[in-house]
Amino acid sequence: MHQIAVLPGDGIGPEITREAVKVLKAAGEKHQLGLVFSHHLVGGALLDAQGVALSDELIENCRRNDAVLFGAVGGPKWDHLDMQNRADHALIRLRKELSVYANLRQFRLYAALEDASAVKTDLIAGGVDFIILRELSSGAYYGQPKFREDTPRGRRAVDTIEYFDFQVERLARYGFELARQRRGKLTSMSKWNALESSRLWRDVVEEVAREYPDVDTRHEIVDAGAMNLIRRPTEYDVIVMPNMFGDILGDEAAVLAGSIGMVPSAEISLDSTSLYEPIHGSANDIEGKNVANPLAMILSAALLLRYSLNCPAGADDIDRAVGKVIEGGYRTADIWKPADQQRVSTTEMGDLVVEMLSE
Ligand code: NAD
């Protein structure tokens with residue numbers, strides 16, 4: 001038996017999560033996983049009900065489960081609140097409470113979606129399929145000192161980039177293991193020509209690489225890497241990078257996938273429960289219209305089966321079912337082109353994936 005905490009959240013969160021649970025239930029039955037779901041309010045929905053965006057009880061609940069399926073949080077209704085009470089702060093705190101240290105984003109462009117990608121078709125011919133593994137526990141966003149001050153020369157602001165070798169090592173190791181399960185290629189992107197922290201990053205990745213002689217390891221300076229991701233996206237398999245670079249390049253890479261509604265992610269915990277969520281937010285502009293693309297959420301559910309429940313066959317089934325639906329010409333509004341494609345709602349997209357799962 002596996003227990004999954006479902007936190008739909010706000011905006012389109014409940015709509016897309018409903019479809020992902022439908023798909024997970026079908027895959028769970030097929031692979032006899034004995035999935036048990038519990039649903040919980042979080043973010044704005046919990047603020048409205050209990051006055052807090054995340055409660056200690058909910059954190060404990062998440063820790064007790066085998067995985068967390070998270071929709072999205074936030075919206076204009078709660079934007080006026082101070083940072084600590086904002087709906088979207090719930091996710092930041094939950095990540096910390098669950099000790100997540102790696103953010104895994106999977107970028108895959110289905111062949112039939114090439115026309116939806118913002119990148120020229122000759123650059124993506126041959127298929128885009130790579131993972132960005134971003135370090136999430138340290139780096140520029142957390143390093144101390146971090147402050148602003150008034151000085152005789154004017155206002156001054158300081159941020160600090162800090163990395164310990166063990167933080168780089170555990171991320172690199174996870175990246176190498178992923179590469180082994182995939183196409184055996186790992187690219188490390190950092191800024192070793194200018195930053196001491198990146199020189200340590202590169203050294204540690206090199207050290208770990210010696211344990212993985214079967215993995216083809218490369219280093220790229222992150223600014224060149226940002227360009228190459230668009231110019232030669234088909235060449236990448238697993239890319240590891242420090243927190244801030246992963247934040248920026250993770251969004252850049254989303255243009256390859258055709259829509260932000262197509263990119264799933266996992267947040268891998270060190271010693272607790274991992275969290276699975278689409279990379280997009282609560283898309284309040286399309287909330288309640290049954291037009292949101294649920295595929296990023298459904299593909300996040302596939303990552304959950306692969307990385308938390310150790311059921312790669314179930315994950316492959318979902319990936320294949322999504323591929324068949326796309327090949328079949330079915331599209332939600334964000335990826336729809338009038339040509340000969342059939343426009344479907346959020347619910348219909350979920351139903352189609354379930355139908356393809358049983359084929
Ligand atoms: P967003 O990602 O919610 O939306 C950006 C644009 O992409 C919108 O036009 C939206 O309609 C579209 N979009 C997003 N997901 C889609 C989907 N599945 N199908 C079709 N179209 C989709 O970003 P935003 O508008 O800047 O933020 C809205 C709210 O979400 C804010 O309150 C923000 O703080 C919050 N947010 C939450 C998370 C999270 O929970 N992980 C992440 C980012 C933003």
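Between V23 and V322 the shortest side-chain heavy-atom distance does not fall below 4.5 Å. Residues V42 and F70 form a side-chain contact, since some pair of their non-hydrogen atoms from C-beta on lies under 4.5 Å apart. Side-chain contact between L35 and L309: present, with at least one pair of heavy atoms (C-beta onward) separated by less than 4.5 Å. Using a 4.5 Å heavy-atom threshold, the side chains of L81 and L47 count as touching. D203 is not listed as a side-chain neighbour of D165, based on a closest heavy-atom distance of 4.5 Å or more. Within the 4.5 Å cutoff, the side chain of V68 has no heavy atoms near those of the Y276 side chain. Looking at V263 and P278, their side chains never come closer than 4.5 Å, going by heavy atoms from C-beta outward. Residues M349 and V325 have side chains in contact (heavy-atom distance under 4.5 Å, counting atoms from C-beta outward).
Interatomic distance, M189 CE to T187 OG1, rounded to the nearest 0.5 Å: 6.0 Å. Here NE2 of H280 is found 4.0 Å from CD1 of I16. Values are rounded to the nearest 0.5 Å. Note that CD1 of I230 and CG of L256 are 4.5 Å apart. Values are rounded to the nearest 0.5 Å. Atom CD1 of I239 and atom CG of L249 lie 7.5 Å apart (nearest 0.5 Å). Annotation: the span from E114 atom CD to I124 atom CD1 amounts to 5.0 Å, rounded to 0.5 Å.
Summarising the geometry of F130 relative to A253, their closest heavy-atom pair is CZ-CB, 3.9 Å, with the distance given to 0.1 Å. Smallest separation of non-hydrogen atoms from D150 and R155: OD1-CG, 3.1 Å. Considering every non-hydrogen atom in both L33 and H2, the closest pair reads O-CD2, 3.2 Å. Minimum interatomic distance between A87 and D10 (heavy atoms only, all atoms of both residues): CB-OD2, 4.0 Å. Minimum interatomic distance between R134 and P242 (heavy atoms only, all atoms of both residues): CG-O, 4.4 Å. Here the closest heavy-atom approach between residue I279 and residue P264 is recorded as CG2-O, 4.2 Å.
In the hydrophobic clustering of this structure, I59 groups with L46; members are Ile, Leu, Val, Met, Phe, Trp, Tyr whose side-chain heavy atoms approach within less than 4.5 Å, directly or through other members. Using a 4.5 Å cut-off between side-chain heavy atoms of Ile, Leu, Val, Met, Phe, Trp and Tyr, with links allowed through other members, I131 and V119 fall into the same hydrophobic cluster. Under the 4.5 Å side-chain heavy-atom criterion for grouping Ile, Leu, Val, Met, Phe, Trp and Tyr, L69 is not connected to L98 through any hydrophobic cluster. Linking ILVMFWY residues whenever their side-chain heavy atoms come closer than 4.5 Å, directly or via other members, places I12 and I335 in the same cluster. Cluster membership for V208 and Y101, using ILVMFWY side-chain heavy atoms within less than 4.5 angstrom, is shared.
Applying the side chain to side chain donor-acceptor pair (under 3.5 Å) test between D319 and each of R306, Q106, K324 identifies R306 as the sole match.
Sorted by first and then second residue, the pairs that involve residues 17-27 and meet side chain to side chain donor-acceptor pair (under 3.5 Å), not counting sequence neighbours, are E19-K22, K22-D351.
Residue E57 places its CD atom among 12 or fewer non-hydrogen atoms of other residues, nucleotides or ligands, all under 6.0 Å distant. Applying the 6.0 Å contact sphere to NZ of K96 captures no more than 12 heavy atoms from other residues, nucleotides or ligands. Annotation: R218, atom CZ; neighbour count of heavy atoms from other residues, nucleotides and ligands within 6.0 Å does not exceed 12. Within 6.0 Å of the NZ atom in K30, the count of heavy atoms belonging to other residues, nucleotides or ligands exceeds 12. The number of heavy-atom neighbours closer than 6.0 Å to CD of E359, taken from other residues, nucleotides and ligands shown, is above 12.
For the residue pair E196 and Y163, no side-chain donor N or O sits within less than 3.5 Å of a side-chain acceptor on the partner. Inspection of the N65 and T273 side chains reveals no N or O donor paired with an N or O acceptor under 3.5 Å. E348 and Y330 share no side-chain donor-acceptor pair at under 3.5 Å. Residues D247 and Y141 have side chains that bring a donor and an acceptor to within less than 3.5 angstrom of each other. Between the side chains of R170 and S137, a donor-acceptor pair is found at a separation under 3.5 Å.
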query = Can you check side-chain contact (heavy atoms from CB on, under 4.5 Å) on D223 and M227, steps first, answer last?
reply = CA-CA 7 Å; D223 33 348; M227 213 161 52; over 6 Å; no
Worked verdict on V6 versus V21 for side-chain contact (heavy atoms from CB on, under 4.5 Å): CA-CA 8 Å; V6 182; V21 169; 4.0 Å; yes
- Query: Hey, mind stepping through Y236 and N228 against side-chain contact (heavy atoms from CB on, under 4.5 Å) and telling me if it holds?
  - Reply: CA-CA 9 Å; Y236 293 99; N228 293 337; 3.0 Å; yes
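In this structure, R86 is not positioned above the aromatic face of W78 in the sense of NZ or CZ being under 6.0 Å from the six-membered ring centre and within 45° of the axis.
Partners of K185 according to the salt bridge (charged side-chain N to carboxylate O under 4.0 Å, His left out) rule, which considers only residues two or more places apart in sequence or in another chain, do not exist here.
Using a cut-off of 4.0 Å between Lys/Arg side-chain N and Asp/Glu carboxylate O, E177 and R173 are scored as not salt-bridged. One finds a salt bridge joining R63 and E97 here, because a Lys/Arg side-chain nitrogen approaches an Asp/Glu carboxylate oxygen to under 4.0 Å. Checked for salt-bridge contact, D56 and R93 meet the test: a charged N lies under 4.0 Å from a carboxylate O. A salt bridge links E277 to R95: one of the charged nitrogens lies within less than 4.0 Å of a carboxylate oxygen.
The aromatic rings of W192 and H219 stand perpendicular to each other, their planes meeting at an angle above 60°, with 30° marking the opposite boundary.
With hydrogens and angles ignored, the 3.5 Å screen pairs a side-chain donor or acceptor of S282 with a backbone N or O of G74.
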